[in-house]
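Working notes, beginning with the structure itself.
Atom set for the values below is all heavy atoms of this structure, side chains included, hydrogens, waters and symmetry mates excluded. For this chain, numbers begin at 1 and follow the sequence in order. Just follow the structure's listing: the first ligand is 1, and inside any ligand the first atom is 1.
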Amino acid sequence: MSSSDHQTHVALFPSAGMGHLVPFLRLANTLLSHNCKLTLITSHPPVSSAESHLISRFLSAFPQVNELKFHILPLDPSIANSDDPFFLQFEAIRRSVHVLNSPISALSPPLSALVCDVTLISSGLLLNTTLNIPIYALFTSSAKMLSLFAYYPFAKMSDPSSDFIRIPAIGSIPKTSLPPPLLINNSIFGKIFAQDGQRIKELNGILINAMDGIEGDTLTALNTGKVLNGVPPVIPIGPFLPCDFENPDAKSPIKWLDNLPPRSVVFASFGSRTATSRDQIKEIGSGLVSSGYRFVWVVKDKVVDKEDKEGLEDIMGEELMKKLKEKGMVLKEWVNQQEILGHRAVGGFICHCGWNSVMEAALNGVPILGWPQIGDQMINAELIAKKGLGMWVEEWGWGQKCLVKGEEVGGRIKEMMESEALRKQAAKFRDEAIKAVEVGGSCDRAIQGLIRMWSKGT
Ligand code: UDP
Ligand code: UDP
């Protein structure tokens with residue numbers, strides 16, 4: 001038997017949005033470095049240009065990867081009760097997944113395991129009625145959020161007398177911090193959350209971009225049945241490391257940063273999933289200017305990048321733009337976030353608390369000023385404030401719903417940048433993160449263990 005007969009063949013099935021695609025491709029990179037054969041299931045058409053670009057760059061970097069292209073069937077508009085293009089894509093993929101049955105069964109060598117996105121658990125399990133292989137989910141948020149996902153189907157959401165959801169062994173989460181679509185009847189996100197949360201017991205395991213150094217308590221609670229009996233093994237494989245293929249040839253602020261003193265610059269970015277309102281953009285601009293710090297700020301004016309066409313000057317107005325240019329660098333494009341966070345001149349991160357960004361901040365020891373916009377971000381913001389990786393101004397509420405004045409933004413930036421306690425704690429998390437990703441560290445051991453199990457069909 002040749003060695004290739006033993007090669008573990010894993011299929012990865014991401015859903016939609018860079019917050020899902022990026023961690024899948026970082027996992028892919030790790031599996032390839034361990035000599036796995038990979039099939040990447042790509043759903044067409046993708047929502048954003050950022051996704052198409054990243055998939056192309058990944059496939060050019062790794063021509064040995066087998067791309068299984070899958071054309072999504074159009075979604076019946078009568079069930080499309082959301083205006084979020086990414087949620088609509090989740091639902092469209094779920095409703096089209098039967099199309100994959102025969103091409104995925106025909107893969108050669110046959111698959112050893114399938115890792116599906118957290119939003120595609122039912123889909124992965126459906127495919128498994130013919131595949132009959134180990135099915136894993138990649139959970140793309142924090143372990144705290146996973147405990148909510150696991151427990152949610154059993155929580156009494158309808159109890160109007162309580163303002164909290166109490167999760168065994170974890171604590172209480174205020175209903176105001178839950179992903180807002182969970183509070184809306186029949187939302188697409190709410191349905192996926194409830195349906196798939198109930199089915200996690202059917203999975204062989206859940207991979208998560210988490211590490212004991214930050215969420216050891218929650219990971220232990222999940223893995224000892226204290227959150228809920230029957231949760232499959234939750235395997236922390238974080239922090240994920242950024243990969244070379246991710247870097248677009250984008251205009252980079254790195255040369256500019258090179259000339260600035262250590263920890264003197266604020267980086268502000270709110271991820272790939274939300275747009276900032278024009279009024280809030282102006283307030284953030286004046287806040288950055290009044291903070292007195294230099295800054296790199298990534299502005300997003302539209303949810304989907306293909307529609308984001310207007311120039312910065314038109315959005316900011318001439319006067320504000322002039323002031324901004326004196327102190328900082330404002331960009332309106334995809335940036336290499338990891339490279340910016342890793343630059344010694346960056347000393348603080350105004351962040352929406354998307355989980356990938358939080359873990360990237362931890363990996364680089366950069367304190368966060370959390371400003372949740374949507375989804376799981378408030379739960380993550382509470383977590384980082386509790387752990388001391390950052391601060392969270394609860395009164396700011398959801399970034400998508402409230403307007404925070406520039407003066408307030410500027411004051412909080414100063415507070416973050418001047419906090420010795422945050423800086424020390426962030427440095428501690430960076431040390432933990434570096435230990436986890438070293439050869440022989442917790443990530444390495446977890447991945448090797450997984451590949452061994454997959455090669456034995458478990
Ligand atoms: N990202 C980036 N450049 C950008 C915007 C985002 O590299 O201009 C990356 C970021 O580093 C992270 C991912 O895209 O890895 C976004 O995921 P996250 O979970 O932080 O937030 P989301 O975009 O899903 O809200
Ligand atoms: N983009 C990216 N990586 C790249 C190039 C572009 O993620 O290497 C993203 C970025 O968000 C940009 C958008 O794709 O704003 C549009 O890219 P482009 O200008 O190439 O236009 P399009 O692909 O939509 O024609």
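- Closest approach of Met316 and Lys282 over heavy atoms only: O-CE, 3.8 Å.
- Under a 4.0 Å criterion applied to the non-hydrogen atoms of Gly271, ligand 1 contributes the atoms 23 (O).
- Each of Arg26, Arg57, Gln338 was compared with Glu246 under the side-chain hydrogen bond (donor to acceptor under 3.5 Å, both in side chains) criterion, and only Arg26 meets it.
- Looking only at heavy atoms of the protein, atom 14 (O) of ligand 1 is closest to Trp334 CH2, 3.5 Å.
- With ligand atoms numbered from 1 in the order given, ligand 1 contributes 17 (O), 24 (O) to contacts under 4.0 Å with heavy atoms of Gly19.
- The shortest N/O to N/O separation between Gln337 and ligand 1 falls below 3.5 Å.
- Under 4.0 Å from ligand 1, the heavy atoms of His352 that appear belong solely to its side chain.
- Contact between Val303 and Arg273 at its shortest, heavy atoms only, is CG1-O, 3.6 Å.
- If you look at Phe58 and Phe62, their ring centroids are closer than 6.0 Å.
- Each of Thr39, Leu31, Ile41 was evaluated against Leu12; a single residue qualifies, Leu31, per the side-chain contact (heavy atoms from CB on, under 4.5 Å) test.
- The closest protein non-hydrogen atom to atom 17 (O) of ligand 1 is Asn356 ND2, 3.3 Å.
- In terms of heavy-atom proximity, Gly287 sits nearest to Ile413 at O-CD1, 4.2 Å.
- Protein heavy atom closest to atom 23 (O) of ligand 1, with residue, atom name and distance, is Ser272 OG, 2.5 Å.
- Within the listing of ligand 1, atoms 15 (O) sit less than 4.0 angstrom from a heavy atom of Val22.
- Neither side chain, Ser277 nor Gln280, offers a donor N or O lying under 3.5 Å from an acceptor on the other.
- Nearest protein neighbour of atom 20 (O) of ligand 1, counting heavy atoms only, is Ser357 OG, 2.5 Å.
- Applying the ring pair (Phe, Tyr, Trp, His ring centres under 6.0 Å) test between Phe349 and each of Phe270, Phe267, Trp297 identifies Phe267 as the sole match.
- When only interatomic distances are considered, the shortest N/O to N/O separation between Val335 and ligand 1 falls below 3.5 Å.
- Of the N or O atoms in Glu360, one or more lie within a sub-3.5 Å distance of an N or O in ligand 1.
- Residue contact check: Trp355 has heavy atoms under 4.0 Å from atoms 19 (O) of ligand 1.
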